[in-house]
Amino acid sequence: MNISKSMVGDIAVIKLNGRLDLETSKTLKGLTKELMADNHNKMIFDLTDVDFINSSGLGTLVSILRDVNSKKGNLELCSLAPYIQEIFEITHLSSIFRIYENEEEALSSFAVTENKTE
Amino acid sequence: MNISKSMVGDIAVIKLNGRLDLETSKTLKGLTKELMADNHNKMIFDLTDVDFINSSGLGTLVSILRDVNSKKGNLELCSLAPYIQEIFEITHLSSIFRIYENEEEALSSFAVTENKTE
Amino acid sequence: MEKHPLHYASLELNNSGLCIKITDDILKAFLELTSLDDREKYRLRVAVSEIVTNGYFHGNKQNAQKRMFFSCNVFNNRIEISVEDEGDGFNDDEVEEKYGAAGEYATGGRGLKIVEKVADRVKCGKTDNGRFRVSLLKYVNAEPVEAIGQSIESY
Amino acid sequence: MEKHPLHYASLELNNSGLCIKITDDILKAFLELTSLDDREKYRLRVAVSEIVTNGYFHGNKQNAQKRMFFSCNVFNNRIEISVEDEGDGFNDDEVEEKYGAAGEYATGGRGLKIVEKVADRVKCGKTDNGRFRVSLLKYVNAEPVEAIGQSIESY
Ligand SMILES: Nc1ncnc2c1ncn2[C@@H]1O[C@H](COP(=O)(O)OP(=O)(O)O)[C@@H](O)[C@H]1O
Ligand SMILES: Nc1ncnc2c1ncn2[C@@H]1O[C@H](COP(=O)(O)OP(=O)(O)O)[C@@H](O)[C@H]1O
C-alpha cells in the first residue's frame with residue numbers, strides 16, 4: 001500500500017495504491033489519525049490504483065468513516081474499479097459510503113455542502 | 001508482452017512491456033518479420049517497461065539482430081533497467097548490442113550514421 | 001467428477017500477515033490457468049483472502065510460531081482451495097453473537113459473508129492432525145447441481 | 001543446516017508455456033519472505049525461469065500431456081528450488097556439442113550459463129520415479145563453504 005496525500009484547500013485528497021488488506025490498511029488508519037489530530041476532518045480517498053480490497057480493508061474504511069463522522073467531518077470515496085465497487089455492494093457498504101466517479105466530482109461535493117451551510 | 005509501435009521517419013520505435021520469455025517473445029519476432037517484409041529495417045526497441053527477460057527473450061533479440069544485420073538495417077536498444085542490463089552482461093550480449101540510455105539517444109545515433117554515409 | 005487436478009499447489013508458511021498477499025499472488029497465478037472471467041477471478045481472490053486472513057488472525061492469533069497451510073487444485077470444471085490454521089476453529093453461534101447486532105457500521109464480520117456469496121460450497125472442520133480447515137469449491141463451468149460437494153466432502 | 005523450511009511450496013502443473021510465468025509469480029511471492037536484495041531476487045528469478053523453460057521445452061518437449069513439478073523451500077539462510085520434468089535429461093557433452101562453436105550470435109545456449117552464474121549450487125539427475133530433476137541452492141546470508149551442498153544432495 002502506497003499512500004500519497006495532497007491538500008486542496010482544507011480537504012485532504014489521499015491517493016491509495018496497491019492492496020488494502022489487514023496488513024496494509026494499518027498505514028492508512030495511522031495517516032487519518034494524524035490528520036484528525038491536526039483537525040483535518042475532510043477527506044477524499046481516491047481508489048483509482050487500489051487493485052485489491054477485502055473485508056479487512058473495508059473494515060478499516062468503515063472505522064475511519066466512523067471517526068470522521070464523530071468529528072462532523074466528511075469522507076468521500078472516488079474512482080473505484082467496477083470489481084472493487086462490487087465488493088462494496090456484496091457487503092452492503094455502498095449504502096453507507098458516498099462514492100463518486102472521479103476526484104473532481106468528489107471535490108465538488110464539498111463545494112455543494114459548503115454552499116448549503118452558507 | 002504488450003508491444004506498441006510508432007514510426008519516426010523510417011525508424012520503427014517499438015515499446016516493449018512486460019515479460020520477454022519463451023512464450024511472449026514470439027509476438028515480437030512476428031512483428032519484426034512483418035516490418036522487414038515491408039522493408040523497414042531500422043528499429044529501436046525501448047525496454048523501459050520490460051520487467052522480466054531471460055535467455056529465451058535474449059535469444060529472440062539476437063535472432064532479430066541477425067535478421068536486421070543481414071538486411072543491412074539497424075537494431076538499437078534503449079532504456080534498460082539496471083537488473084535487465086545485468087542479464088545482458090552475464091551473457092556477454094552487451095558487446096553485440098548497442099544499448100542507449102534513452103530513446104532520444106538511440107534516435108540520434110541514426111542521425112549520426114546517416115551523416116556519416118553522406 | 002475427475003479426481004486428479006490439472007494443476008496443483010500446496011504451501012506451508014510461517015503465520016504472518018504476508019501470508020495474505022502470498023497466497024493471493026499464488027491464487028492469482030493459478031487463476032490464469034482457468035477460464036473464469038476477470039470479475040469471477042477477482043471475487044474468488046477476495047473470498048480466499050478472507051479465509052486466509054481469518055486463519056492468520058483468528059485461528060493462529062497472529063502467532064508467528066504457528067503455521068498456515070494452503071492448497072489450490074484446478075480441475076477442468078472447478079477449483080478447490082483449502083486453508084488450514086493451527087487454531088480451534090469456531091461455530092456459527094459465536095459469530096452471530098459477535099456481529100448480529102452491529103449493523104452496517106460494524107468494522108468486522110463481513111469476511112464469511114463474502115465467502116458464502118462467492119463460493120459454490122464451503123466446508124469447515126477439524127482435520128485428523130488437529131488443524132482447522134476451511135475448504136472452498138468454485139465451479140468454472142456450470143455443472144448439474146446434484147454433482148456438487150462430492151469431492152470436497154471427503155478429506 | 002536446519003532441515004525444515006520456514007516456507008514451502010510444491011506445485012504440479014500441466015506442461016505449457018504458462019508454467020514459466022506461473023512458477024515465476026510464485027517464486028517472486030516467496031522471495032518476499034527472504035532478505036535477498038532486489039538485484040539478487042531478480043537474478044534468481046531469471047535462473048529459475050531458465051530451468052523451468054528447459055523443462056517445458058527440452059525435457060517435456062512442449063508436450064501438453066506431460067507434467068511439470070516445482071518446489072521452493074525457504075530456510076533461514078538459503079533457498080532450495082527444484083524443477084522436475086518427464087523427459088530424459090541431458091549431459092554436458094551434448095550441450096557443448098550444440099553450442100560450443102556458435103559464439104555470441106547463437107540464438108540459444110545461454111540458460112544454463114545464467115543458472116551457473118547465479119546459483120551457489122546446481123544438481124541434475126534422475127529421480128526415483130524416472131523424472132529429470134534440476135535442483136538449485138542459493139544462500140541468503142553468507143555461510144561457511146564447508147556447509148554447502150549437504151541438504152540438496154539427499155533426495
Ligand atoms: N479460522 C478461524 N479460526 C477461528 N475463528 C474464526 C476463523 N474464521 C472465522 N472465525 C470467526 O468468525 C468470525 C467472523 O469472521 P469474518 O466474517 O471473517 O469477520 P471478521 O474476521 O471481520 O471478524 C470471526 O470474528 C471469528 O470469530
Ligand atoms: N530439462 C532438460 N531436459 C533435456 N535437455 C535439457 C534440459 N535442460 C537443458 N537441456 C539441454 O541443455 C541445452 C542447453 O540449455 P540452455 O543453456 O538453457 O540453452 P537453450 O535452452 O537455449 O538451448 C539445451 O539445448 C538442451 O539440449
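Throughout, protein chains are lettered first and strands after them, A, B, ... in sequence-line order, and every chain is numbered starting at 1.
- Contacts with chain A (heavy atom to heavy atom, under 4.5 Å) involve these residues of residues 52-65 of chain C, listed by number: C:Thr53, C:Tyr56, C:Phe57.
- Between A:Asp51 and C:Tyr42 there is no side-chain heavy-atom pair separated by less than 4.5 Å.
- More than 12 heavy-atom neighbours from other residues, nucleotides or ligands sit within 6.0 angstrom of NZ on A:Lys29.
- In A:Lys26, the NZ atom is crowded: over 12 heavy atoms of neighbouring residues, nucleotides or ligands sit closer than 6.0 Å.
- Proximity to chain A is absent for every atom of C:Asp38, based on heavy atoms less than 4.5 angstrom apart.
- The distance from atom NZ of C:Lys117 to atom CD of A:Glu89, rounded to the nearest 0.5 Å, is 10.0 Å.
- With contacts defined as side-chain heavy-atom distances shorter than 4.5 Å, the pair C:Ile114/A:Asn54 does not qualify.
- Contacts of A:Leu65 with chain C are made by side-chain atoms alone, with heavy-atom separations under 4.5 Å and no backbone atom involved.
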Step by step, would you call C:Arg43 with A:Glu86 a salt bridge (Lys or Arg N to Asp or Glu O under 4.0 Å)? CA-CA 9 Å; C:Arg43 286 164 56 116; A:Glu86 201 199 6; 2.7 Å; yes
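- Neither the backbone nor the side chain of A:Thr24 comes within contact range of chain C; no heavy atom of the residue lies under 4.5 Å from a heavy atom of that chain.
- Residues A:Arg66 and C:Tyr105 share a closest heavy-atom pair of NH1-O, 2.7 Å.
- Although no hydrogens or angles enter the test, the distance criterion places no donor-acceptor pair under 3.5 Å between the side chain of C:Arg39 and the main chain of A:Tyr83.
- Of the listed residues (A:Ser63, A:Ser55, A:Pro82), the greatest number of heavy-atom pairs within a distance under 4.5 Å of chain C belongs to A:Ser55.
- Counting only heavy atoms from C-beta outward, the side chains of C:Glu104 and A:His92 approach each other to under 4.5 Å.
- Minimum heavy-atom separation, C:Arg110 to A:Gly59: NH1-CA, 4.3 Å.
- With a 6.0 Å radius and a threshold of 12 heavy atoms from other residues, nucleotides or ligands, C:Lys113 has its NZ atom at or below the threshold.
- Taking the side chain as every heavy atom from C-beta outward, C:Ile20 and A:Arg19 approach each other to under 4.5 Å.
- Near-neighbour residues of residues 9-19 of chain C relative to chain A, defined by a heavy atom under 4.5 Å from a heavy atom of that chain, comprise C:Gly17, C:Leu18.
- Within a 6.0 Å radius of CD in C:Glu94, other residues, nucleotides and ligands contribute more than 12 heavy atoms.
- Most heavy-atom pairs under 4.5 Å with chain A, from the set C:Ser49, C:Gly111, C:Gly109: that is C:Ser49.
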